[in-house]
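Working notes for the structure below.
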2 protein chains.
Amino acid sequence: MEHERRSYGQYCGLAGALDVIGERWTLLIIRELLIGPCRYNELLANLPGIGTNLLAARLKYLAKDGLIEVVPPDQNSKIKRYRLTDEGEALREPVLGMARWGLGRLDAPEVEEAVRPRWAMLAVEAMIDERRAADLDESYEFDIDGEVFHVEARYGKVKVIPGPANQPVLTAQTDARTFVDIGAGRMDPLEATLTKRLVMEGDIEAILRCCRLLGLAPG
Amino acid sequence: MEHERRSYGQYCGLAGALDVIGERWTLLIIRELLIGPCRYNELLANLPGIGTNLLAARLKYLAKDGLIEVVPPDQNSKIKRYRLTDEGEALREPVLGMARWGLGRLDAPEVEEAVRPRWAMLAVEAMIDERRAADLDESYEFDIDGEVFHVEARYGKVKVIPGPANQPVLTAQTDARTFVDIGAGRMDPLEATLTKRLVMEGDIEAILRCCRLLGLAPG
DNA sequence: CTGCATCCGCCTCGATACTG
DNA sequence: CAGTATCGAGGCGGATGCAG
């Protein structure tokens, strides 16, 4: 006995979007997949509080609606993974926009708040202002609690990529909590550096260019 | 006995945003207020299906979170209105982004789908590509089922404004259903014109410039 | 009439247990 | 590892009540 899905029943783009991605947990699943393809149990681990039945149901709907697809297990690893389709990937911009909006409003984390280094990667992507990258041709490497990724700025186009950079002009090492604090505007990079919670290595000018790209410094 | 609000409990911008605007109906309330300040019963009328208690509860939370504020009744009209604060207004970009995403996926409306001319105004705003307005200095007037608004393009900055335009180079008249069909890409402006569902008056070149601005024509 | 508050039935959600 | 099954609690939808 299948039940029909709840719908707003409005002939409007936003209502149509929310019919698909408006239910609880759905956009957070999209967030995880925006960072990269995931296995079922990875999603479960990075979405503390979601019921396993609910995750399964959401994945089923998202696949039926064409936002995600299953990467079948290949020869070496017999593990099924989920990944965004182009249609799902097209949500990146608006979702990052919402993340940027929410980042600026974040309060200090309560005791029970979950913190994951991978979310810092999305925070970086949300903070980037590509208009400030017109003259850049370099990359910055981040190590957040051991999770390593880098930002590649190439003449106006900026990408955030998992893994270490080739020849970064800057490496930054910190913990997820501190990084999100900085992104939320509640801690200054200077303060984090002075208290040794943030350690940056590289040319001073490169550090400033990186901070400007992330909206952490004027200019 | 007040109940604590449900939260994802994640120290992440997106999760923080969804704690505030992720509940059912909330983003649609924001949509209505993005179009313009509204009275309680206007919201109720344009959100068919919402419970009156739920609307009241959402408005209360949105006010407490600083996204909306109450415009007190002034002398001539003793009617209370709700309007977005700057914080709420800051959601315009990501919300329009989601609307654009959803607009492209809209199926033909089912029998029971609600259609409101005011939503066409938001659809226009979502469709606009400001990068194509660099050389424009003119305005286009729309009449959707009697709801009149206009688009003002001024050298790269484009605004959608309620009410008639001053000296529009183009006036377009149609019904909400047809307009959303065009926005969703399921009907061509040409087809709508030939079937008399869309009537445009103005210079042929102006019509083409307007279509390009809305992503309805290449170039 | 507007702007809510209260009540109730149902559906969704969250947690745990269980299976291939 | 990757889900399915089950069940209690709470959020939602609709009707109704009521004060200004």
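- Regarding B:K80, its NZ atom lies at a distance of 15 Å from the C1' atom of C:dC1, rounded to whole Å.
- Among the protein residues, A:R81 comes within range of no part of the nucleic acid, since none of its heavy atoms lies under 4.0 Å from any strand.
- A cation-pi geometry, defined here as NZ or CZ lying under 6.0 Å from the six-membered ring centre and within 45° of its normal, does not hold between B:R39 and B:Y82.
- Rounded to an integer number of Å, the gap from B:I50 CD1 to D:dG11 P is 16 Å.
- In this structure, B:L59 places its CG atom 14 Å from C1' of C:dA5, rounding to the nearest Å.
- The interatomic distance linking A:L28 (CG) with C:dG14 (P) rounds to 11 Å, in whole Å.
- Geometrically, A:R24 engages B:Y8 in a cation-pi contact defined by less than 6.0 Å to the ring centre and at most 45° from the axis.
- Nearer to the 5' terminus of DNA chain D, by closest-nucleotide assignment, is the contact made by A:A57 (compared with the other of A:Y8 and A:A57).
- Spacing between atom CG of B:L54 and atom P of C:dG3 amounts to 17 Å, rounded to whole angstrom units.
- Checked by distance alone, A:N41 brings no side-chain donor or acceptor within 3.5 Å of a matching partner on the base of D:dG3.
- Side-chain proximity of A:R6 to the nucleotides D:dG11, C:dG3, C:dC11 is greatest for C:dC11.
- Contacts of B:I79 with the nucleic acid, taken as non-hydrogen atoms under 4.0 Å apart, involve only primed sugar atoms and P, OP1 or OP2.
- Between A:Y61 atom OH and D:dG3 atom P the separation is 16 Å, expressed in whole Å.
- Between the OH atom of A:Y40 and the C1' atom of D:dT4 there is a distance of 9 Å, given to the nearest Å.
- For A:Y82 and D:dG3, the shortest distance from a side-chain N or O to OP1 or OP2 is below 4.0 Å.
- Checked by distance alone, A:N53 brings no side-chain donor or acceptor within 3.5 Å of a matching partner on the base of D:dG3.
- C:dA5 atom C1' lies 13 Å from atom CG of B:L55, rounded to whole Å.
- A heavy-atom distance below 4.5 Å is not found between the side chains of B:W119 and A:L14.
- Residue B:W25 has a polar side-chain atom (N or O) positioned under 4.0 Å from OP1 or OP2 of D:dG13.
- Look at A:R39 and you won't find any side-chain N or O under 4.0 angstrom from OP1 or OP2 of D:dG3.
- Sparse packing is recorded around CD of A:E93, with 12 or fewer heavy atoms of other residues, nucleotides or ligands lying under 6.0 Å away.
- A cation-pi arrangement is absent between B:R81 and B:Y40, since the terminal nitrogen or guanidinium carbon is not both under 6.0 Å from the aromatic centre and inside a 45° cone about the axis.
- Applying the 4.0 Å criterion to OP1 and OP2 of D:dT4, one finds that A:K60 has a side-chain N or O inside that range.
- Residue-level contact check: A:R5 touches neither bases nor backbone, having no heavy atom under 4.0 Å from any strand.
- The side chain of A:R24 contributes no N or O atom lying less than 4.0 Å from OP1 or OP2 of D:dG11.
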